[in-house]
Participant: 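Dumping the structure here so I can ask a few things about it.
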Protein chains: 2
Amino acid sequence: MSTAKVLPLLEPGGVAPCCPPLTERPLTAEEAERSAVMFKALGDPVRLRLFSLVASYEGGEACVCDISDVGVSQPTVSHHLKKLKEAGLLSSERRGTWVFYRVEPAVLAAMGQLLTRAGAA
Amino acid sequence: MSTAKVLPLLEPGGVAPCCPPLTERPLTAEEAERSAVMFKALGDPVRLRLFSLVASYEGGEACVCDISDVGVSQPTVSHHLKKLKEAGLLSSERRGTWVFYRVEPAVLAAMGQLLTRAGAA
DNA sequence: AGTCTATATTGACGAACGTCGATTCATCGT
DNA sequence: ACGATGAATCGACGTTCGTCAATATAGACT
C-alpha cells in the first residue's frame with residue numbers, strides 16, 4: 001500500500017492550522033510537540049535542500065531521480081524523503097518506475113503562519 | 001563578556017534575509033546549512049515552547065524565571081535558551097539578578113519569508 | 001523467465017542530542 | 001563578609017540521528 005502512516009499535522013483532510021503564531025500566545029505542550037515535528041524535519045541541511053528542490057520544481061512535484069544530487073548516497077536520500085513524508089511536509093506517488101514527491105501546500109502555509117507576527121506583516 | 005559567539009544568520013547588523021522562499025529556487029548547500037540551523041533550533045518541543053513563551057511575553061522579552069515552567073530542570077532550560085541564542089533566534093541581557101531573553105525579530109521575519117510562497121500570499 | 005533501472009529497507013556505526021545532578025558564577029540584601 | 005537567589009557550566013547517561021554498504025522490492029522491456 002502506498003498510503004504509509006504519517007503524522008497529521010493538520011486535521012486530516014482539512015486545512016485547519018495547528019497553532020497560532022508563536023508570538024500570539026505560548027504554545028501548549030501538545031501544540032509544541034506537533035509543530036516541532038515540522039521544524040525538526042527541516043532542521044537538517046540535506047532534508048532542507050531536498051524539500052526546496054521539490055518545492056521549487058516545475059509543476060510542484062519532482063521525481064526522486066531529479067533531486068538525488070545532494071551529495072549523499074541514494075539510501076540516504078530515500079531515508080530523508082521518508083522523514084519529510086512522515087512529518088507531513090511531502091507526499092509521494094509512484095508512476096511507473098519513478099516515484100514523485102510533492103509539497104503539501106497546506107502544511108507549508110501552516111508553518112508560515114506560525115512564524116508570522118500576529119499583527120504586523 | 002556577555003557577547004557570546006553566535007552564528008549570524010543574517011548579515012551582522014543588517015536585516016538582509018538569508019535566502020529566498022523555499023519554493024522559489026533550490027537552496028544551495030551553504031544556504032541550506034545556514035537555514036537549517038534555525039529550523040533545527042525550533043525542532044525540539046521544549047525549545048519551541050520556550051521560544052513561544054518569550055515571543056508572546058508582554059514587552060517582547062521575558063526573564064528566565066518567568067518561562068522556566070516547561071517541565072524540565074533548570075539546567076536544561078538554560079541549555080535550550082543557549083541553543084536558541086546560538087541559532088540567532090534569541091538575544092539575552094542581564095539586569096541585576098535576572099537575565100532577560102528577547103526575540104530577534106529580523107530572524108523571525110527571515111524564517112517566515114522562507115516559508116512564504118513566492119507569488120501567493 | 002530474465003535483466004535492467006529506480007527506489008526502499010535493513011543493519012551497523014560513530015556523532016550529536018536531551019536530560020539530569022552537582023557545582024560554579026553573578027548579583028542582591030543584610 | 002555573608003548568605004540567599006537566579007542562572008550558567010560541567011560531566012555523565014541513555015537515546016536519537018545521519019550516514020553508508022548491502023540487500024530487497026517494484027516496475028519496464030525484452
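Order of the sequence lines fixes the chain letters, A, B, ..., with proteins taken first and strands second; residue numbering starts at 1 for each chain. All values below come from the heavy atoms of this structure, side chains included, with hydrogens, waters and symmetry mates left out.
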Participant: Think A:Y101 has a side-chain N or O under 4.0 angstrom from the OP1 or OP2 of C:dA8?
Facilitator: yes

Participant: Taking atom P of D:dT19 as reference, at what distance in whole Å does atom CZ of A:R49 sit?
Facilitator: 12 Å

Participant: Using a cut-off of strictly less than 4.0 Å, decide whether A:K82 has a side-chain nitrogen or oxygen near OP1 or OP2 of C:dT9.
Facilitator: yes

Participant: Ignoring hydrogens and angles, state whether a donor on the side chain of B:K85 or B:S91 is under 3.5 Å from an acceptor on the partner side chain.
Facilitator: no

Participant: Rounding to a whole Å, what distance do you find between B:I67:CD1 and D:dA7:C1'?
Facilitator: 12 Å

Participant: Of the candidate nucleotides C:dC20, D:dA7, C:dT9, which contains the atom at the shortest distance from the side chain of B:V72?
Facilitator: C:dC20

Participant: Which nucleotide wins on minimum distance to the side chain of B:R94, given the candidates C:dT7, C:dT27, D:dG18?
Facilitator: C:dT27

Participant: Rounded to whole Å, please give me the gap between NE2 in A:H80 and C1' in C:dA8.
Facilitator: 14 Å

Participant: A:K40 has an atom NZ; how far is it from atom P of D:dT16, in whole Å?
Facilitator: 9 Å

Participant: For A:G43 and A:P75, take the nucleotide of DNA chain D holding the closest heavy atom to each; which residue's nucleotide lies nearer the 5' end?
Facilitator: A:G43

Participant: Rounded to whole angstroms, how far apart are CZ on B:F100 and C1' on C:dT27?
Facilitator: 13 Å

Participant: Tell me the interatomic distance from B:Q74, atom CD, to D:dC10, atom P, rounded to whole angstroms.
Facilitator: 14 Å

Participant: Take the protein atom NZ of A:K85 and the nucleotide atom C1' of C:dT7, then report the distance between them rounded to whole Å.
Facilitator: 11 Å

Participant: Assess whether side chain to side chain contact (heavy atoms under 4.5 Å, CB included) is satisfied between B:D44 and B:H80, documenting all intermediate values.
Facilitator: CA-CA 9 Å; B:D44 177 83; B:H80 282 310; 3.7 Å; yes

Participant: Are OP1 or OP2 of D:dC20 and a side-chain N or O of A:T76 less than 4.0 angstrom apart?
Facilitator: yes

Participant: NA contact type, A:H79, heavy-atom cut-off 4.0 Å: base, sugar-phosphate, or nothing?
Facilitator: base

Participant: Base, sugar-phosphate, or nothing for B:V77, non-hydrogen atoms under 4.0 angstrom?
Facilitator: nothing

Participant: What distance separates B:R95 CZ from B:F100 CZ, expressed to the nearest 0.5 Å?
Facilitator: 5.0 Å

Participant: Rounded to the nearest angstrom, tell me the gap between atom CD in A:E86 and atom C1' in D:dG18.
Facilitator: 14 Å

Participant: Which part of the nucleic acid does B:R47 contact within heavy-atom distance under 4.0 Å: base, sugar-phosphate only, or nothing?
Facilitator: sugar-phosphate

Participant: Grouping I, L, V, M, F, W and Y whenever their side-chain heavy atoms are under 4.5 Å apart, do B:V99 and B:I67 come out in a common cluster?
Facilitator: yes

Participant: Among the candidates D:dA7, C:dA8, C:dG18, find the nucleotide nearest to the side-chain atoms of B:D44.
Facilitator: C:dG18

Participant: Can you check whether B:L114 reaches B:M38 side chain to side chain, under 4.5 Å on heavy atoms?
Facilitator: yes

Participant: Can you identify which nucleotide, out of D:dA8, C:dA6, D:dG6, has its nearest atom closest to the B:T97 side chain?
Facilitator: D:dG6

